[in-house]
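To start, the structure under review is shown below, and the notes come after it.
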There are 2 protein chains.
Amino acid sequence: MTDFLPPIQTTARDDAVLKALAGFVRQEALGPGEKLPTERILAERLKVSRNTVREALTRWEGLGLVERRQGSGTYLKAAVSPDMLHMPLTLAGGNDFAGLMSTLEIRRALEAEAAALCAIRAGKAEIAQIERKLDIMEEAFRTRAGMSSDEDWEFHQAVFRASGNPLFEQIIAAMYEMFHRFWEHPLGVRDFGHASFPYHRTIFDRIAARDPDGARAEALKLIATVEDDLKRGAANLKLSDRR
Amino acid sequence: MTDFLPPIQTTARDDAVLKALAGFVRQEALGPGEKLPTERILAERLKVSRNTVREALTRWEGLGLVERRQGSGTYLKAAVSPDMLHMPLTLAGGNDFAGLMSTLEIRRALEAEAAALCAIRAGKAEIAQIERKLDIMEEAFRTRAGMSSDEDWEFHQAVFRASGNPLFEQIIAAMYEMFHRFWEHPLGVRDFGHASFPYHRTIFDRIAARDPDGARAEALKLIATVEDDLKRGAANLKLSDRR
DNA sequence: GTGCAGAAATTGGTTGGACCATTGAACCAC
DNA sequence: GTGGTTCAATGGTCCAACCAATTTCTGCAC
């Protein structure tokens with residue numbers, strides 16, 4: 001018996017605007033890339049001030065749902081549905097060691113689970129797709145003699161996608177941003193990620209063999225190597241007192 | 001050879017406002033709960049319009065960094081540092097069975113990892129805090145003869161907090177929203193969550209015993225019971241065609 | 001002095017109107 | 001066609017009010 005009484009909202013005009021706009025998007029079946037009505041038109045139609053419309057759109061922009069281009073218009077960046085779940089994550093300290101370790105722990109949890117699910121649920125086509133990404137990655141590794149974060153990422157993305165759960169990909173994609181930024185400032189470890197290379201294929205082998213526990217174990221090993229690299233880098237640079 | 005040409009930003013006033021405000025927060029060493037300057041004062045000090053200040057604050061509010069109370073002021077809700085990483089996630093699909101199962105798979109991954117980390121890292125005070133929440137939950141279970149989602153949630157929250165990784169709490173908190181919404185429409189299963197009750201104490205026992213693998217295993221069992229309840233409910237109601 | 005109701009000040013929320021900066025399309029000279 | 005120019009549309013910013021919720025102060029009754 002939860003006595004749940006949602007606080008009444010006497011003023012929530014911008015939320016109301018977003019709800020109306022979400023309904024509009026659904027009714028018009030607007031997809032990513034398409035243009036929304038002008039702020040002025042929205043203000044007039046919804047009988048609110050243009051300023052209120054702007055605050056509402058600012059919310060959506062902050063959520064990455066929408067992109068505003070001055071002089072051009074406002075465009076959808078992602079699918080919008082009336083019942084969306086928003087989870088804004090903020091990680092204190094962008095590039096410091098603790099922050100990266102935090103994301104890595106999340107990655108360990110998700111990557112292991114996704115690999116296991118993938119071993120259970122991936123279809124033949126999806127497994128073939130993963131292998132293709134793996135081949136590309138290995139080729140890039142040979143020709144450029146080192147890990148390539150783009151190709152690496154595509155491999156992992158393929159695994160997440162084949163897990164049958166879209167949330168994995170979305171959550172990790174957001175975190176990948178952070179790692180990407182980090183890899184551009186390698187902090188002393190020149191061959192960052194190098195040690196993780198062989199585990200990509202072992203993960204794929206366990207998935208292809210429909211061995212969830214094996215896939216999970218290999219994924220854990222991969223993350224462990226990245227963790228080691230990270231610790232090594234932190235020890236090199238004494239990053240801890242940064243800022 | 002990356003031909004990287006970032007688009008130049010001639011106007012980014014609200015971002016500048018946020019940067020300045022973040023600097024202010026750091027300089028004044030403001031923590032969560034503390035009040036920050038009035039919109040009017042900020043506008044005057046930063047030599048921008050109050051409207052611009054509002055757009056900037058709307059961004060932070062959307063990120064959950066700040067809470068605005070009409071007539072009272074704007075208050076910090078979380079620690080703020082100039083170099084934060086924001087990753088707003090929006091997950092499509094609200095209340096249907098597939099969506100809930102998706103979140104549950106994420107929960108399984110995170111809850112298991114968090115319990116294990118907690119067994120490794122939690123201090124004595126944190127373990128005591130978890131036990132306190134557990135006692136409250138068990139008491140509520142006895143007196144009201146059933147699971148209480150609020151007390152249940154507080155227990156899990158304590159575990160996440162003691163994991164030493166703030167991201168766990170943030171991610172799960174967002175998903176809890178979804179489950180809470182769901183529990184208000186119990187879909188036929190009257191004693192939803194009932195089966196998960198005993199595992200709360202077994203998880204705690206393994207944490208207190210500093211047994212990461214045991215804690216992970218018990219957490220997995222708990223999620224499995226919730227998963228069963230969910231499947232049972234879906235079978236009852238044939239929810240699949242909802243919306 | 002104490003307690004409390006009501007006034008006043010404070011603060012975020014909203015409005016309407018104005019102007020600026022950028023964009024993109026229509027148009028024109030070459 | 002090519003390369004400018006003009007011009008309307010659109011998002012970005014500003015201002016000056018007023019509204020609504022909250023907090024603080026004031027003054028009266030006791």
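Hydrogens, waters and symmetry mates are skipped; everything else that's a heavy atom, side chains included, is used. Letters go in sequence order (proteins before strands), and every chain restarts at 1.
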Open item on the list: Could you work out, with side chain to side chain donor-acceptor pair (under 3.5 Å) as the rule, every residue matching S72(A), not counting sequence neighbours?
Closed with: Y75(A)
Task: Nearest-Å distance for atom pair CD/P, residues E44(A) and dT15(C) - done: 14 Å
- [ ] Mark yes or no for a side-chain to base donor-acceptor pair under 3.5 Å between N51(A) and dG13(C), with no hydrogen or angle criteria applied.
- [x] no
Open item on the list: Please enumerate all residues that pass ring pair (Phe, Tyr, Trp, His ring centres under 6.0 Å) together with F24(B), with sequence neighbours excluded.
Closed with: none
Open item on the list: I need the CD-P distance between E55(A) and dG12(D), as an integer number of Å.
Closed with: 13 Å
Task: Separation of dA20(D) C1' from D14(A) CG (nearest whole Å) - done: 15 Å
Task: Nucleotide dC14(D), atom C1' - distance to CG of L46(B) in whole Å - done: 15 Å
Under 3.5 Å, which N/O atoms of the protein pair with N/O atoms of nucleotides 4-11 of chain D?
residue	atom	partner	partner atom	Å
dT10(D)	OP1	T38(A)	OG1	3.3
dT10(D)	O2	G71(A)	N	3.1
dG11(D)	OP1	T74(A)	N	3.3
dG11(D)	OP1	T74(A)	OG1	3.2
dG11(D)	OP2	E39(A)	N	3.1
dG11(D)	N7	R40(A)	NH1	3.0
dG11(D)	O6	R40(A)	NH2	3.1
dG11(D)	N2	Q70(A)	OE1	2.9

- [ ] Measure the CE-CZ distance between M137(B) and R132(B) for me, rounded to the nearest 0.5 Å.
- [x] 16.0 Å
Open item on the list: Per the salt bridge (charged side-chain N to carboxylate O under 4.0 Å, His left out) rule, what does the pair list look like for residues 64-79 of chain B, sequence neighbours excluded?
Closed with: E39(B)-R68(B), E61(B)-R68(B), E67(B)-R69(B)
Open item on the list: Please report the distance, rounded to the nearest Å, between CG in L42(A) and C1' in dT14(C).
Closed with: 17 Å
TODO: Would you mind listing every salt bridge (charged side-chain N to carboxylate O under 4.0 Å, His left out) that reaches into residues 155-167 of chain A, with sequence neighbours excluded?
DONE: R161(A)-E169(A)
Task: Those residues that, when tested against E28(B), pass salt bridge (Lys or Arg N to Asp or Glu O under 4.0 Å) (two or more places apart) - done: none
TODO: Would you kindly give the CD-to-P distance between E67(A) and dT23(C), to the nearest whole Å?
DONE: 12 Å
